[in-house]
Structures are given as structure tokens and as C-alpha cells.
S.K.: 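I have a structure here, written as C-alpha cells, and I will follow up with some questions on it.
In this text the structure is predicted, and so the values were computed from the model without any measurement. We use all heavy atoms of the structure for the numbers below, so side chains are in, but hydrogens, waters and symmetry mates are not. Counting starts at 1 for both ligands and their atoms, following the listed order.
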Amino acid sequence: MPSVQADLDHAATTPPRPEVLEVLERWIGAGNASARHLPGQAARRAVEHAREQVAAVLGCSPHDVVFTSGGTEADNLVVKGVAWAAREHPSAGPAHVVTTAVEHAAVLEPARWLAARGDVELDVVAPMTDGRVAIEDVLARVRDGSGGRPRTALVSVMGANNELGSINDIPALGAALREIGVPLHVDAVQCVATLDVSLDRWSADALAVSAHKVGGPQGVGVAVVRRGLALEPTSHGGGQDRGLRSGTFAVGLIAACGEALERAVAERDVLRERLRVLSERLAAGLAAIDGVHRSGPEAPDARLASHVHVMVDGVDAEALALGLDAAGVAASGGSACSSGAASGSHVVEACRLVGAPLRMSLGWTSTEAEVDHAVAVLGELVPRLRDGGDVFGLDVVGRAEGGR
Ligand code: PLP
């Protein structure tokens with residue numbers, strides 16, 4: 001296996017920052033934060049410090065912060081928890097939930113599972129071809145409870161799409177929903193590294209965030225749950241975090257999560273500008289290759305600075321993924337965190353895009369050398385595959401310098 005010369009898969013996971021690893025190491029052996037003795041109190045202070053760090057960067061109160069095992073658990077907690085709380089109502093039939101066809105599986109799967117059980121009536125809004133969701137299409141599905149149909153219990157729309165990088169107009173959606181009293185959940189997992197995420201500014205009621213997308217460790221994240229949002233817990237036990245997420249606090253992971261989010265937000269604007277330059281360099285290089293078409297919104301401020309998604313004509317998606325891997329380029333054909341499958345992206349399908357999908361995503365360690373290596377590899381690989389050649393023995397392999 002060649003080593004990775006170009007890590008262009010930061011949207012799947014980004015390397016942990018050294019300062020965050022130091023915090024993780026300091027607290028990984030901490031006491032039980034629910035215990036009264038001194039080690040327990042120290043651990044509790046570390047958890048509460050992380051809670052304050054998270055609240056300060058996500059525009060919410062520390063009370064709203066629920067630590068989870070990651071974005072997936074945060075999404076599940078909100079989607080299932082709100083639907084089940086709505087069912088508690090004396091007149092309740094199934095709750096009504098609105099979401100979109102381009103959500104991550106962490107939202108779509110619990111929503112579909114609830115619908116299959118008869119717990120919710122589900123409306124799934126189709127995206128525009130650029131991966132964004134039209135706010136008016138979402139609002140058109142919202143029900144006010146008239147006509148004997150259940151009132152909408154939750155709208156769940158992602159802040160930015162993990163594959164195409166398309167950014168939704170969450171402030172406008174949040175304001176419209178707040179006016180009619182319908183709760184909004186935003187999967188903000190892909191946003192935090194480069195966008196200003198704020199429960200308050202977005203008029204949202206819940207957010208999902210994950211540490212390993214912003215230089216933190218895998219296995220920890222946050223569900224922000226605004227006080228007053230009715231939510232049933234999905235696990236029961238010792239009653240930690242307002243009874244919404246029982247279980248011994250993972251002090252090391254939580255402390256590292258707080259540190260990662262604080263650092264990511266402190267460096268966000270500088271990183272965004274750096275990634276904008278790098279991603280435009282990457283996109284320009286790819287545009288020069290015949291039959292490679294950039295996906296997503298035209299306007300730069302409607303797409304994440306970290307993402308470049310393209311559709312490639314006339315090549316097999318799996319061969320493309322194999323060829324990139326063989327040349328030391330880590331990228332994704334769809335959503336790597338969903339299955340590792342080389343094709344079959346529900347996002348690409350929902351956006352009605354044709355060709356072989358390729359997502360390249362940049363992060364805090366990305367370099368020009370990595371971008372240039374990827375462009376050189378694709379410049380050779382794409383015509384070669386189109387001509388029926390195999391994926392090995394590319395001339396450009398090993399030429400990158402300074403990449404990782
Ligand atoms: N939501 C989005 C938009 C994602 O991109 C991901 C992971 O890629 C998740 C949720 C799941 O997060 P986690 O890996 O922390 O469970």
C-alpha cells in the first residue's frame with residue numbers, strides 16, 4: 001500500500017490537533033464526574049469547562065449542551081427524542097417530521113425507522129440540483145395541525161451537505177419556523193470548521209456537532225438541545241446531562257471535544273480563507289481535465305470552502321476510487337462515513353447528477369502540494385480509465401513533495 005500523499009478526505013475525518021491530544025491525555029484517566037470525592041470533583045470541573053467552551057462557540061447556553069458519542073448519536077437523540085415526546089401528547093397519533101433527501105444517514109435513517117414503525121408521518125423534501133434545499137419547499141410541507149392531521153413536531157435540515165458542500169439558508173428557515181412555533185434541528189457536523197454555527201442566530205432548537213470533524217477525537221460530539229424543547233431520552237440510566245443522555249461522562253473525550261471546538265472556532269476565519277484559496281486551486285486544476293464537472297452551487301459563499309465535489313464522465317466510480325487510492329490520494333466517492341461503499345450516493349441521486357462522483361475535502365493540515373498531486377493524478381487517471389486502461393503505474397505517483 002502506498003502511503004497517503006494527499007489527504008483530501010477531511011470531511012470524513014480530520015487529524016486531531018496536538019493541543020487537543022494533550023488535553024485528551026491529561027483527562028483520559030479522570031475520576032467519575034458524578035462522584036463526590038476529590039477526583040470526581042476535578043473530573044466534573046473538566047466536563048463543565050468543556051460545556052462552557054462548547055456553549056460559547058455554538059451560541060447556546062451551557063445548559064443546552066448534551067455530550068454524545070458523536071454526530072450520529074446527537075442526530076438520533078433529537079429526531080427520535082422529539083418524535084417520541086410529541087407522541088406523549090394525549091391526542092397524539094404519529095408525529096409529523098419534515099426532513100430532506102440529502103441529509104446524512106444519521107438523520108434519514110432514524111426518521112425512516114420511526115416512519116416504518118408508525119411513530120411519525122415523514123415528509124422528505126427533494127433538493128435542488130446544486131444540493132441546497134429551497135426554504136419554501138420545506139415550509140410548504142409544514143403542517144399546522146388542522147384538518148385532523150398531526151402538527152409538525154420537527155423540521156430537520158442540515159447546515160451544509162457533507163458531500164457537495166452546499167450551504168442551506170438556515171437563518172431564514174429558522175426565523176420562519178420560529179414565527180410559527182415549529183422546532184428546527186440542524187445537523188451542523190460539516191459546518192463548524194468553516195462556518196459561524198449558532199443556535200441563537202439560526203433560531204434553531206437543536207444542533208448536532210461532532211469533534212472529529214474539527215481536530216478532535218472520534219467518538220465524541222454534542223447535541224445542543226434548547227431548554228424547553230420537549231425531548232424523550234433515547235437511553236435511560238444514571239440521568240446525566242438533564243436525563244437526556246445517561247452514562248458515565250467520558251471526561252477525556254469531552255474535555256478534548258471542548259478544546260477542539262474552541263480552537264476550531266478561534267481559527268475558523270483564517271482557515272476558511274486558506275481553504276478557499278486551496279479549493280479554488282483544486283477546482284481550477286480539475287476543470288482543465290476533459291469531462292470533469294464541478295457540482296454544487298455556483299456562488300462561492302453558498303458552498304463550504306473545504307469541499308470540491310465533481311462528477312466525472314465516462315469512468316467507473318469504483319475504478320476511479322481504486323486508482324486514486326493506488327496513487328496515494330485519499331478522497332471519497334460518496335459519503336465515506338456511511339459505509340465505505342465506492343458508489344451509490346443518495347445525495348448524488350437526489351440531486352440527479354450523472355457520472356462518477358468524487359468528493360475532495362480539505363482541512364487544517366491541507367497543503368498546496370497535496371492539491372497539486374491530486375490534480376496531477378486525476379489528469380492522468382481519468383483519460384487512462386476512459387481509454388480502458390488499468391489504474392496502476394501512473395507516472396505521477398511519488399512526485400508530491402511536502403504532502404501527507
Ligand atoms: N452528519 C453529517 C453531516 C456528517 O457528515 C457525519 C459524518 O460524516 C455525521 C452526521 C455523523 O457524525 P459522527 O461520525 O460523529 O457520528
S.K.: My understanding is that only one of V102, V133, V157, T99 makes a side-chain contact (heavy atoms from CB on, under 4.5 Å) with V125; could you say which?
M.R.: V133

S.K.: Between V107 and ligand 1, which part of the residue brings a heavy atom under 4.0 Å of the ligand: side chain, backbone, both or neither?
M.R.: neither

S.K.: Could you tell me whether G71 and ligand 1 have an N or O pair separated by under 3.5 Å?
M.R.: yes

S.K.: Numbering the atoms of ligand 1 from 1, which are under 4.0 Å from a heavy atom of S210?
M.R.: 13 (P), 15 (O)

S.K.: Ligand 1 versus K213, non-hydrogen atoms closer than 4.0 Å: side chain, backbone, both, neither?
M.R.: side chain

S.K.: If only atom types and distance count, is the side chain of S246 paired as donor or acceptor with the main-chain N or O of G239 below 3.5 Å?
M.R.: yes

S.K.: Can you confirm whether more than 12 heavy atoms, excluding those of D196, are under 6.0 Å from its CG atom?
M.R.: yes

S.K.: Of the backbone atoms (N, CA, C, O) and the side-chain heavy atoms from C-beta on, which set of H212 has a member under 4.0 Å from an atom of ligand 1: side chain, backbone, both, or neither?
M.R.: side chain

S.K.: Under 3.5 Å, which donor-acceptor pairs link side chains of residues 169-179 to any protein atom two or more places apart or in another chain?
M.R.:
residue	atom	partner	partner atom	Å
D169	OD1	A172	N	3.3
R178	NH2	S203	O	3.2
R178	NH2	A204	O	3.4

S.K.: Taking heavy atoms and a distance under 4.0 Å, where does T72 meet ligand 1: side chain, backbone, both or neither?
M.R.: both

S.K.: So if I count the atoms of ligand 1 from 1 in the order they appear, which ones are less than 4.0 Å from some heavy atom of D75?
M.R.: 1 (N), 10 (C)

S.K.: Pull out every atom of ligand 1 sitting under 4.0 Å from any heavy atom of G70, numbered as shown with elements.
M.R.: 15 (O)

S.K.: Applying side chain to side chain donor-acceptor pair (under 3.5 Å), can you list everything that pairs with R117, at least two apart in sequence or on another chain?
M.R.: D119

S.K.: Salt bridge between E267 and R17, side-chain N to carboxylate O under 4.0 Å?
M.R.: yes

